[in-house]
Amino acid sequence: MKLELFLALKYLRSKRGGLISFGATISIVGITLSVASLIIVISVMTGFTNNLKRTLLGASAHIYIVGWQGEIKEKELSLIEKKIKKFDWIKDTSPFIYTQAMLKYGNSATGLHIKGVDIEKEGKITQIPEKVVSGNWTCIGNKDSILVGKALSENLLIVPMDRIVLVTPKTVVTPFGMIPVSKELTVCGIFDTGMYNIDSTLAITSIETAREIVGMEDSYTGLQISVKDPMKAVTYRNVIEKELDKRFLVRDWITMNKSIFSALKLEKLAMFLILSLMVLVASFSIMSTLSMTVIEKERDIAILITMGMDSKRIRRIFILEGLIMGITGTILGSVLGIGVSLFLKKYPIISLPKNIYYIDRLPVELNPIDITLILITSLLISLISTYIPARRADKINPVEILRITG
């Protein structure tokens with residue numbers, strides 16, 4: 001093996017006395033850039049997915065229980081709470097009211113979702129109380145007060161202490177027919193969850209105020225649940241479903257956002273496959289370099305064969321030569337890719353439109369499993385690219401080569 005390695009390193013050197021030949025340099029640079037690009041892009045995709053998960057977990061409960069008829073009576077909700085609190089993986093529960101309304105402010109109007117929550121318990125279910133950036137969370141305890149999302153306030157130019165009008169789904173009968181009920185509220189604060197589609201369509205108030213808006217007296221829309229391990233929410237949801245009858249619908253945060261996660265997963269896979277083609281293209285350079293080396297070293301190979309070196313050892317020389325280029329390029333590419341990823345993570349110099357990507361800066365997270373898979377893929381492609389030149393080398397007829405070259 002030492003002889004094969006010695007010859008492989010020798011064939012990599014430049015004829016002009018350089019450390020490495022031009023063809024080998026091009027091959028190594030191609031693998032380096034391909035591996036680096038793959039690591040950076042996959043790290044960004046991983047960052048997108050994990051950032052989105054954290055943001056969603058901060059803005060929503062892990063599990064929801066709602067009634068098929070749109071509401072659950074207060075006594076019935078208490079029985080549900082007692083039934084499910086026997087599970088040790090449940091951290092806390094809190095009732096909520098959820099409805100839709102039309103918001104009017106000045107000459108502007110938009111549709112939005114209104115969520116009525118328990119002021120004291122909401123902080124144990126979501127992180128929204130921590131996301132209030134103007135005003136304070138407890139202000140919704142005041143009568144007819146409401147918090148609105150940052151994007152909504154920016155779109156309609158709403159600031160704290162402004163008065164807004166909500167046109168609710170509730171209607172009353174008048175001599176002029178059915179008229180929707182409107183209610184005037186004071187915006188006492190603004191929250192920012194980091195999700196544009198939430199911050200532009202959600203307003204939060206107390207359960208008491210929400211009841212006046214919806215017209216519920218002793219009912220709730222449902223129950224919010226936080227669990228110890230949010231990533232097992234689907235399993236926990238199935239357990240809760242078995243405890244309740246068919247009149248109740250149980251939903252978890254993962255299933256509710258399944259389309260987003262599926263799209264990100266598919267996009268990550270597609271990017272991996274597309275960028276892996278870059279490594280494949282770079283491997284053709286290795287194949288070309290080895291093929292040229294075989295042609296140039298035909299006489300040397302013929303002499304080695306006549307001296308008793310078998311075909312397996314001849315193949316091994318060129319396989320080792322190709323692997324040296326592949327390993328060198330892979331190592332340099334991983335160092336470059338990880339280095340750039342860490343730089344982008346520490347210095348978020350690339351900004352993004354928040355209304356499109358949910359976040360305002362490029363997220364980067366390195367996943368050891370992803371990096372390992374990239375390195376293995378690069379090395380396998382490099383190894384496969386050595387097969388044809390190596391096979392060509394061990395097929396050389398030494399008698400014919402030596403006769404031609406004298």
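These figures come from a predicted structure and were not determined experimentally. Numbers here simply count residues along the sequence, with the first being 1.
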Practice problem: Go through the steps to decide whether T193 and D199 satisfy the test side-chain hydrogen bond (donor to acceptor under 3.5 Å, both in side chains), and finish with yes or no. | Solution: CA-CA 7 Å; T193 65; D199 294 337; 2.8 Å; yes

Quiz item: Does N107 CG have over 12 foreign heavy atoms under 6.0 Å away?
Solution: no

Quiz item: Taking everything shown except L273 itself, do over 12 heavy atoms lie less than 6.0 Å from its CG?
Solution: yes

Quiz item: Around E120, counting heavy atoms of other residues, nucleotides and ligands shown, do more than 12 lie under 6.0 Å from its CD?
Solution: no

Quiz item: Checking side-chain contact (heavy atoms from CB on, under 4.5 Å) against S334, which of I374, T32, L38, I39 comes through?
Solution: I39

Quiz item: Within the side chain of K143, is there an N or O that forms a donor-acceptor pair under 3.5 Å with the backbone of E208?
Solution: no

Quiz item: Is a side-chain donor or acceptor of S226 paired with a backbone partner of D92 at a separation under 3.5 angstrom?
Solution: yes

Quiz prompt | Residue pairs passing the ring pair (Phe, Tyr, Trp, His ring centres under 6.0 Å) test where at least one lies in residues 63-85, sequence neighbours excluded | solution = Y64-F96

Quiz prompt | Polar side chain donor-acceptor pair, S283 to S385, under 3.5 angstrom | solution = no

Self-check item: Electrostatic pair R54:E365 at N-O distance under 4.0 angstrom
Solution: yes

Quiz prompt | Of V132, N155, D192, the residue whose pairing with K150 passes side-chain contact (heavy atoms from CB on, under 4.5 Å) | solution = D192

Quiz item: Got a sec: does the CE of M256 have more than 12 other heavy atoms crowding it under 6.0 Å?
Solution: yes

Quiz item: Between D118 and K121, is there a donor-acceptor pair closer than 3.5 Å when you use the side chain of the first and the backbone of the second?
Solution: yes

Exercise. Identify the two heavy atoms, one from V148 and one from S153, that lie closest to each other, and give their separation to 0.1 Å.
Key: CG2-CB, 4.1 Å

Quiz item: Does E74 offer a backbone N or O that forms a donor-acceptor pair with the side chain of S78 under 3.5 Å?
Solution: yes

Practice problem: Could you please spell out the steps behind the side-chain contact (heavy atoms from CB on, under 4.5 Å) verdict for L244 and K83? | Solution: CA-CA 9 Å; L244 306 178; K83 188 177 290 188; 4.2 Å; yes

Quiz prompt | Stepwise side-chain contact (heavy atoms from CB on, under 4.5 Å) check, H62 with L57 | solution = CA-CA 7 Å; H62 304 151; L57 282 171; 3.5 Å; yes

Quiz item: E212 and D144: which non-hydrogen atoms are nearest, and at how many Å?
Solution: OE1-OD1, 3.8 Å

Self-check item: Pairs where residues 112-163 contributes a residue and the test ring pair (Phe, Tyr, Trp, His ring centres under 6.0 Å) is met, not counting sequence neighbours
Solution: Y98-H113

Self-check item: Taking every non-hydrogen atom, the tightest pair across S276 and I381
Solution: O-CD1, 4.0 Å

Practice problem: Any chance you could lay out the side-chain contact (heavy atoms from CB on, under 4.5 Å) test for V159 and V187, step after step, and finish with the verdict? | Solution: CA-CA 7 Å; V159 296; V187 175; over 6 Å; no

Practice problem: Would you sort out whether L366 and I371 count as a side-chain contact (heavy atoms from CB on, under 4.5 Å), showing the intermediate values? | Solution: CA-CA 8 Å; L366 292 166; I371 294 175; 3.9 Å; yes

Practice problem: Mind jotting down which residue pairs meet the salt bridge (charged side-chain N to carboxylate O under 4.0 Å, His left out) criterion with at least one end in residues 103-116? Sequence neighbours excluded, please. | Solution: K115-E122

Quiz item: Only one of T25, I26, I31, I286 forms a side-chain contact (heavy atoms from CB on, under 4.5 Å) with M325, so which one is it?
Solution: I286

Quiz item: Does atom CZ of R211 have more than 12 heavy-atom neighbours from other groups under 6.0 Å away?
Solution: yes

Exercise. Would you please classify the geometry between the W253 ring and the F261 ring as parallel, tilted or perpendicular, with 30° and 60° separating the classes?
Key: perpendicular

Self-check item: Distance-only polar pair, side chains of T289 and S27, donor-acceptor under 3.5 Å
Solution: yes

Practice problem: Taking T93 for its side chain and K85 for its backbone only, find out whether a donor-acceptor pair lies under 3.5 Å. | Solution: no

Practice problem: For S34 and L275, indicate whether the former's side chain and the latter's backbone hold a donor-acceptor pair under 3.5 Å. | Solution: no

Exercise. For the residue pair I213 and L185, establish whether any side-chain heavy-atom pair is separated by less than 4.5 Å.
Key: yes

Quiz item: Do the side chains of L156 and I164 get nearer than 4.5 Å, heavy atoms only?
Solution: no

Exercise. Could you tell me which non-hydrogen atom of T46 sits nearest to which non-hydrogen atom of K268, and how far apart they are?
Key: OG1-NZ, 3.0 Å

Quiz item: Do the non-hydrogen side-chain atoms of D370 and S43 ever get within less than 4.5 Å of each other?
Solution: no

Quiz item: Which heavy atom of I125 sits nearest a heavy atom of A61, and at what distance?
Solution: CG2-CB, 3.5 Å

Self-check item: Neighbour count >12 (heavy atoms, 6.0 Å) for atom OH, Y387
Solution: no

Quiz prompt | Over all atoms of both residues, closest heavy-atom pair of G116 and A210 | solution = CA-CB, 3.6 Å

Quiz item: So, T49 side chain and M45 main chain: donor-acceptor pair closer than 3.5 Å or not?
Solution: yes

